[in-house]
Peer 1: 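Okay, here's the structure, questions in a sec.
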Number of protein chains: 2
Amino acid sequence: MSTRERLLEATQELLWERGYVGMSPKAIQREAGAGQGSMYHHFAGKHDLALAAIRRTAERMRAAADADLSGPGTAADRIGAYLRREREVLRGCPVGRLTQDPDVIADPELRRPVDELFDWLRTRLSEVVAEGVRAGELDAALDPEDTAAAIAAAVQGGYVLARAAQSAEPFEHAVRGALGLIRTKS
Amino acid sequence: MSTRERLLEATQELLWERGYVGMSPKAIQREAGAGQGSMYHHFAGKHDLALAAIRRTAERMRAAADADLSGPGTAADRIGAYLRREREVLRGCPVGRLTQDPDVIADPELRRPVDELFDWLRTRLSEVVAEGVRAGELDAALDPEDTAAAIAAAVQGGYVLARAAQSAEPFEHAVRGALGLIRTKS
DNA sequence: GTCTATACGGAGATAGAC
DNA sequence: GTCTATCTCCGTATAGAC
């Protein structure tokens, strides 16, 4: 793996673990096994590196969610697959955690990929809910946008509860609770 | 207001805005209008100050949530009141945001008040859901623990979505979506 | 109680040699 | 491309005077 690649991956890991404010260039270099000069040769600095890392992480999350939501099965199946997918719960969401970082939120460039990911996710979820309603499979009383936001929020909030407790249990409860929204019409 | 009090409040604000890793003693002193020596006279250091501030913030949140959940009205009314309460959505949750701070999560003392708050909240919410089910007011198919976790997660996740978008809208959608869980049995 | 002085390491980067 | 030197602030205190 190239040095550039190792720097990028180290940055992705550190952003996940410590956020932008908690991540130092020195730590990136240590993780990547790269020297000072090397890092500043490949990237303009911490900001530049973080921007590239955030874009990548967001793109990966999008692909993973899309695989669940555009896969086979009914609307409820696909939302269920998204909700039940295995996650590293105690590490939190690598994109969602950035919303709590003041330097990311204050910087339009850094925030943009985060914004776009969640915007896409809510839209895609609401499309799937709408399909389910149209097919008569989900309760017609469900508002697609509201339900989509609640589902996305259950996952993001599940991470919050789990990290507070240092246990995956609250996350799993939240996911099961959210599944109650799309339980098949009886 | 005493200097000690101003230091505490400044710390609460800064923890909310920047988290533990993003908050410096110097910033606390500036916000509080207190000198270096003054701060170290009243508190042992950043950690000590943060511990006192987190305990206070968590206690305030508990009292606010309890006012909604133990107020008058049916179970659905009270959960509705909790969900719809006005919040400073774009600032995020002053307690929930701490779960994304690596130094808070790594320190059992700092994490404890956060853990206790969310544990209490999920328990209290599940009691109210159980009451509603017993009263025949909520769908008997609802699992109280799962539903409680989903409701707490919708709020916490709503903050995440809202901060990503820098708009309160996704939060409001998530709350309305979560209300679907407790819509009165027809 | 509050102030000023002092300390030492780290954050975040630039410069130039190799 | 990578290395080492250097730089300027800041983070996080401690010490002792007032």
Side-chain angles (χ1 to χ4, degrees), chain A residues 1-56 97-98 100-111, chain B residues 1-56 97-98 100-111:
Chain A
M1 200 168 29
S2 70
T3 297
R4 192 192 152 82
E5 185 58 27
R6 275 182 292 114
L7 284 163
L8 255 176
E9 297 211 342
T11 305
Q12 292 185 270
E13 287 299 306
L14 281 165
L15 282 173
W16 190 357
E17 208 167 301
R18 303 196 43 84
Y20 188 86
V21 299
M23 172 187 77
S24 73
K26 213 161 280 212
I28 296 171
Q29 295 153 30
R30 195 180 339 104
E31 281 273 310
Q36 185 93 335
S38 198
M39 183 190 123
Y40 284 100
H41 170 73
H42 291 287
F43 295 93
K46 174 179 170 175
H47 181 275
D48 185 31
L49 207 28
L51 180 56
I54 291 172
R55 283 181 174 152
R56 258 219 211 177
R97 74 102 53 238
L98 298 173
Q100 305 305 322
D101 194 304
D103 290 6
V104 170
I105 293 305
D107 182 318
E109 248 181 354
L110 296 180
R111 183 173 65 82
Chain B
M1 201 167 28
S2 70
T3 296
R4 193 192 151 83
E5 185 59 26
R6 275 182 293 114
L7 284 163
L8 256 176
E9 298 212 340
T11 304
Q12 292 185 270
E13 287 297 308
L14 281 165
L15 282 173
W16 192 356
E17 207 167 301
R18 304 196 43 84
Y20 189 86
V21 299
M23 173 187 76
S24 72
K26 211 161 283 212
I28 296 171
Q29 295 152 31
R30 194 180 339 105
E31 280 274 310
Q36 186 93 335
S38 199
M39 183 191 122
Y40 283 101
H41 170 74
H42 291 289
F43 296 93
K46 174 179 171 175
H47 181 274
D48 186 33
L49 206 30
L51 180 56
I54 291 172
R55 283 180 174 153
R56 258 220 211 175
R97 75 103 52 236
L98 299 172
Q100 305 306 319
D101 194 304
D103 290 5
V104 170
I105 293 306
D107 183 317
E109 246 181 353
L110 296 181
R111 184 173 64 82

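Everything numeric here is computed off the predicted structure, so don't read it as measured data. Below, read A as the first sequence line, B as the second, and so on, with proteins coming before strands; counting in each chain starts at 1.
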Peer 1: Which residues, if any, of residues 22-43 of chain B bring a heavy atom under 4.0 Å of DNA chain D?
Peer 2: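 Hits under 4.0 Å, by residue number: B/M23, B/S24, B/P25, B/K26, B/Q36, B/Y40.
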
Peer 1: Using a 4.0 Å cut-off to any heavy atom of chain A, which nucleotides of DNA chain D are the first and last in contact, reading 5' to 3'?
Peer 2: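 Listing 5' to 3', DNA chain D meets chain A from D/dG1 to D/dT4.
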
Peer 1: Do B/P102 and A/M23 have side-chain heavy atoms sitting under 4.5 Å apart?
Peer 2: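 No - every pair of side-chain heavy atoms lies 4.5 Å or more apart.
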
Peer 1: Just jot down the side chain to side chain contact (heavy atoms under 4.5 Å, CB included) partners of A/A52, sequence neighbours excluded, or say none.
Peer 2: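 Residues passing side chain to side chain contact (heavy atoms under 4.5 Å, CB included) with A/A52: A/L8, A/F43.
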
Peer 1: Can you list every salt bridge (Lys or Arg N to Asp or Glu O under 4.0 Å) pair that touches residues 29-46 of chain B, not counting sequence neighbours?
Peer 2: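 Sorted result for residues 29-46 of chain B: empty, none.
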
Peer 1: Please tell me if the side chains of B/M39 and B/T3 come closer than 4.5 Å, counting only heavy atoms from C-beta onward.
Peer 2: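 They are not in side-chain contact.
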
Peer 1: Of the non-hydrogen atoms in A/S38 and A/L7, which two are nearest, and what is the gap between them?
Peer 2: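 Heavy-atom minimum between the residues: O-CD1, 4.4 Å.
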
Peer 1: Is there a residue in residues 8-21 of chain B whose heavy atoms reach under 4.0 Å of DNA chain C, and which residues are they?
Peer 2: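 Nucleic-acid contacts, sorted: none.
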
Peer 1: Considering only residues two or more places apart or on different chains, which pairs with a residue in residues 1-16 of chain A satisfy salt bridge (Lys or Arg N to Asp or Glu O under 4.0 Å)?
Peer 2: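 Matches after skipping sequence neighbours: A/E5-A/R56, A/E13-A/R91.
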
Peer 1: Without decimals, in angstroms, what is the distance between B/D103 CG and C/dG10 C1'?
Peer 2: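 Going from CG in B/D103 over to C1' in C/dG10 covers 14 Å.
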
Peer 1: Go through the structure and list residues passing side chain to side chain contact (heavy atoms under 4.5 Å, CB included) with A/L110, not counting sequence neighbours.
Peer 2: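 If we apply the side chain to side chain contact (heavy atoms under 4.5 Å, CB included) test to A/L110, skipping adjacent residues, the hits are A/Y20, A/H47, A/A50, A/L51, A/I54, A/V104, A/D107.
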
Peer 1: Who are the side-chain hydrogen bond (donor to acceptor under 3.5 Å, both in side chains) partners of A/R55, not counting sequence neighbours?
Peer 2: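 A/R55: no side-chain hydrogen bond (donor to acceptor under 3.5 Å, both in side chains) contacts found.
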
Peer 1: What are the two closest heavy atoms between A/D101 and A/V21, and how far apart are they?
Peer 2: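 Looking at all heavy atoms of both residues, the closest pair is OD2-N, 3.0 Å.
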
Peer 1: Run the side-chain hydrogen bond (donor to acceptor under 3.5 Å, both in side chains) test against A/Q36 and tell me which residues pass, sequence neighbours left out.
Peer 2: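 Counting only residues at least two positions away or on another chain, A/Q36 forms a side-chain hydrogen bond (donor to acceptor under 3.5 Å, both in side chains) with A/Q29.
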
